[in-house]
Number of protein chains: 2
Amino acid sequence: MGEVNIKKLASELNLSAATVSRALRDSHEISAETKARVMEMAKKLAYEPNPFASSLRQQKSKTIAVIVPEVANNFFALAIKAIEEVARAKDHHVLIYQTHESGEIESSFMTSLLSGRVDGVLISPACHVANKKYFQKVSEKIPMVFFDRDHDDIEGVKITTDDYESAYNATLHLVEAGCKKIGYLAALETLTTGKKRLQGYLDALKDNNLESMPALIEGNCENNESCRSKVKDFIAERKPDGIVSSIEELALPCYYACKELNLNIPKDLKLITYSNLAHAELLNPPLSTINQPAFEIGNEAATILFKMFSKRWYDPNITISLKSSIIKRESSRS
Amino acid sequence: MGEVNIKKLASELNLSAATVSRALRDSHEISAETKARVMEMAKKLAYEPNPFASSLRQQKSKTIAVIVPEVANNFFALAIKAIEEVARAKDHHVLIYQTHESGEIESSFMTSLLSGRVDGVLISPACHVANKKYFQKVSEKIPMVFFDRDHDDIEGVKITTDDYESAYNATLHLVEAGCKKIGYLAALETLTTGKKRLQGYLDALKDNNLESMPALIEGNCENNESCRSKVKDFIAERKPDGIVSSIEELALPCYYACKELNLNIPKDLKLITYSNLAHAELLNPPLSTINQPAFEIGNEAATILFKMFSKRWYDPNITISLKSSIIKRESSRS
DNA sequence: TTTATTTACGTAAACGTTTACGAATAAGAG
DNA sequence: CTCTTATTCGTAAACGTTTACGTAAATAAA
């Protein structure tokens with residue numbers, strides 16, 4: 001059928017394909033009059049350039065990949081929102097991949113991107129990691145930016161938050177609120193992100209001569225049942241009077257657990273957590289949060305990626321840290 | 001540099017490019033031995049086929065587009081999660097586009113997809129609509145499925161929920177809880193989705209001989225300040241004793257408004273809303289919700305799209321409706 | 001006027017696949 | 001032994017762009 005392409009335009013206008021192509025790209029080699037004619041005909045025939053032919057020829061895809069553990073997550077959804085907006089402004093397309101925290105899935109995504117399908121990658125790595133070689137392989141070939149999560153043994157451009165300081169300060173907040181037995185719900189333990197948060201928690205307690213109670217809740221917290229019961233067991237057995245949660249997915253189970261255990265938040269247990277819940281204020285009680293600037297992280301990561309495209313970015317190994325904000329609410333009140 | 005492609009593989013193996021290509025695609029025309037040799041060499045050289053060359057030649061992109069108003073939204077994030085999973089299982093890629101409720105942006109996305117960039121489109125249309133011609137244009141050329149939202153004057157394959165029934169039943173629930181002046185926070189009024197919800201609300205009141213109080217809150221509810229004050233004004237001026245909210249983004253402002261107006265939920269005002277908040281139960285008070293099966297909608301829409309690809313779907317104009325579930329909680333207790 | 005430069009366009013190759021067509025060899029049928 | 005068929009591979013064209021190179025005409029420089 002009459003698919004309209006450059007050749008069709010050319011024959012319609014009695015021009016060569018080359019001229020049409022140049023006219024469409026507003027080349028200086030083409031007269032204003034010809035450009036106008038070409039544009040008009042392109043519009044008339046509703047010409048849409050074939051992106052694959054372009055990409056094949058130019059070795060550019062005008063597409064970026066975003067690899068995240070999950071889309072249905074307050075933090076990542078916000079980051080993706082920002083990324084898509086930046087990409088749109090730069091007339092680029094956005095491919096989404098979910099790893100579900102699996103290193104193998106991540107690996108297969110990453111290596112498939114070596115085909116040239118995308119011009120750049122934004123990644124927040126999975127916490128279950130298999131073999132990290134693919135990070136190096138990909139970043140050697142295409143610009144790549146880590147956001148939020150990263151591995152300390154992998155070099156690269158990284159946009160993170162002040163994980164250590166925010167965990168330290170959140171813990172300190174609970175100490176100042178009078179907590180003596182502060183537990184920590186760990187996650188992301190294989191990632192720099194998780195390690196720093198844990199260290200911030202540990203150091204804050206050490207600096208205040210308090211014992212630490214870190215607990216690693218294994219398993220995917222999507223599965224609420226098992227996750228809730230583990231959190232409940234932790235609270236029941238260790239009887240903390242305060243909890244710092246390293247992820248939102250471990251904090252909300254505390255609410256359910258406390259209900260079941262007849263514990264009052266904040267009287268019996270004070271709680272603060274990393275979270276991007278938009279309405280933490282509406283919870284019962286309002287939840288104290290360490291709020292990461294998710295949108296800004298996505299925005300910054302994408303912006304830097306585009307700078308890398310245009311060679312306006314030279315440092316291949318840098319970590320940029322954005323500040324989280326601690327919002328103290330009822331759940332940690334003394 | 002030594003980019004490895006089919007020609008490279010071919011020369012390395014003393015074969016023709018055609019043979020290598022066929023071997024990689026497991027063609028019956030190639031001997032088992034040759035296939036093995038090719039596979040081995042491909043693995044050894046870490047060959048990744050160029051997707052643009054493939055797509056150009058085959059006129060297939062192995063990519064689908066998802067067009068949504070926003071990614072950072074509980075409903076759409078869940079739907080996208082499901083869609084990505086289905087696409088992954090089918091070895092397809094997922095492009096994400098946000099319209100921010102703008103018909104013009106939507107139009108430009110849609111028409112750009114006419115280039116063949118994607119094999120299919122999943123769309124939840126923007127509520128501000130300019131000129132709907134592009135829906136027809138696109139669906140004539142590539143398989144397309146509407147999900148959650150749709151226009152009644154556009155034909156197509158649509159996956160929705162029981163908007164009328166759920167709104168009717170939610171309203172009925174408030175009636176039975178003793179409400180006499182039930183307000184309605186309207187949204188999506190240009191879409192079938194919004195119209196049906198409104199009608200369900202209106203009919204439920206009519207059937208119970210009660211007056212209706214629909215209120216259309218204009219403007220993007222992302223902007224919480226203006227949205228909140230409008231909701232607050234509505235409650236203060238019209239003094240409803242019950243509210244059915246057509247979207248989550250209008251229900252949560254009710255919590256803030258009631259705080260400011262010193263109204264108690266549910267004593268002074270009972271509230272029920274469409275929502276995909278994972279933890280409505282933890283709000284103060286727990287929020288009664290009309291819960292749409294977001295994941296299932298995404299899953300169903302994507303599954304049908306792939307059936308359309310393989311011609312296992314013939315009905316070009318059908319609406320499949322999934323059931324929402326009404327979860328009654330404290331916010332609407334009598 | 002001659003030469004050099006600019007302007008505006010065309011020709012053809014290239015990007016990396018896939019595939020229609022053809023051909024050579026081997027195997028089977030008669 | 002000849003003829004048919006199956007098996008296995010190669011040649012070359014095609015997908016729709018972009019771009020290096022060439023060229024003719026027009027203009028400027030000498």
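Chain letters run A, B, ... following the sequence lines, proteins first, then strands; residues in each count from 1.
For B/Gln58, whose side chain is taken as the heavy atoms from C-beta onward, the closest listed nucleotide among C/dT19, D/dC9, C/dG16 is C/dT19. You'll find that the side chain of B/Leu56 is closest to D/dC15, out of C/dT11, C/dT17, D/dC15. The side chain of A/Lys7 approaches D/dT17 more closely than any other nucleotide in the set C/dG16, C/dT17, D/dT17. Here the nucleotide nearest the side chain of A/Ala53, chosen from D/dG16, D/dT11, C/dG10, is D/dG16.
Regarding contacts with the backbone of D/dG10, a side-chain N or O of B/Thr19 is found under 4.0 angstrom from either OP1 or OP2. Here A/Thr34 does not reach the OP1 or OP2 of C/dA8: none of its side-chain N or O atoms lies under 4.0 Å away. Residue B/Ser54 places no side-chain N or O under 4.0 Å from the OP1 or OP2 atom of C/dT17.
The distance from atom CG of B/Leu15 to atom P of D/dT11 is 11 Å, rounded to the nearest whole Å. In this structure, CG of A/Leu13 is placed 15 Å from C1' of C/dG10, rounded to the nearest angstrom. D/dG10 atom P lies 13 Å from atom CD1 of B/Ile6, rounded to whole Å. Put simply, CD on A/Glu33 is 17 Å from P on C/dT7, counting in whole angstrom units. When rounded to the nearest whole Å, the span between CG of B/Asn50 and P of C/dG16 equals 7 Å. Atom P of nucleotide C/dA8 and atom NZ of A/Lys35 are separated by 9 Å, given to the nearest angstrom. The interatomic distance linking B/Tyr47 (OH) with C/dG16 (C1') rounds to 7 Å, in whole Å. Rounded to whole Å, atom P of C/dG10 lies 9 Å from atom CG of A/Asn14.
Contact detail for A/Lys90 and A/Arg312: the closest heavy-atom pair is NZ-NH2, 4.5 Å. Contact record, B/Thr190 with B/His151: O-ND1, 3.7 Å, taken as the closest heavy-atom pair.
For the segment residues 20-31 of chain A, the set of residues with a heavy atom within less than 4.0 Å of an atom of DNA chain D comprises A/Ser21, A/Arg22, A/Arg25, in numerical order.
Nucleic acid contact for A/Pro51: none, since no nucleic acid atom lies under 4.0 Å from a heavy atom of the residue. Counting any heavy atom pair closer than 4.0 Å across all strands shown, B/Ser55 reaches no nucleic acid atom.
Centroid-to-centroid, the aromatic rings of B/Phe306 and B/His92 come within less than 6.0 Å.
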Handout entry: Check against side-chain contact (heavy atoms from CB on, under 4.5 Å), A/Leu305 and A/Leu122
Key = CA-CA 8 Å; A/Leu305 187 66; A/Leu122 296 172; 3.9 Å; yes

Exercise for the section: Report the C-alpha separation of A/Asp91 and A/Lys62 in whole Å, then their side-chain angles, then the decisive distance to 0.1 Å, and conclude whether the salt bridge (Lys or Arg N to Asp or Glu O under 4.0 Å) test is met. Expected result: CA-CA 7 Å; A/Asp91 199 27; A/Lys62 299 199 105 190; 3.2 Å; yes

Practice task
With side-chain contact (heavy atoms from CB on, under 4.5 Å) as the test, would you mind laying out the steps for B/Ile83 and B/Ile64 before giving the verdict?
Solution key: CA-CA 10 Å; B/Ile83 292 166; B/Ile64 64 175; 3.9 Å; yes

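Sequence order on DNA chain C of the closest nucleotides to B/Ala17 and A/Gln59 puts A/Gln59 first from the 5' end.
A search for side-chain hydrogen bond (donor to acceptor under 3.5 Å, both in side chains) contacts involving A/Gln136 returns A/Glu140, not counting sequence neighbours. Qualifying ring pair (Phe, Tyr, Trp, His ring centres under 6.0 Å) partners for A/Tyr97, counting only residues two or more places apart in sequence or in other chains: A/Phe109, B/His93.
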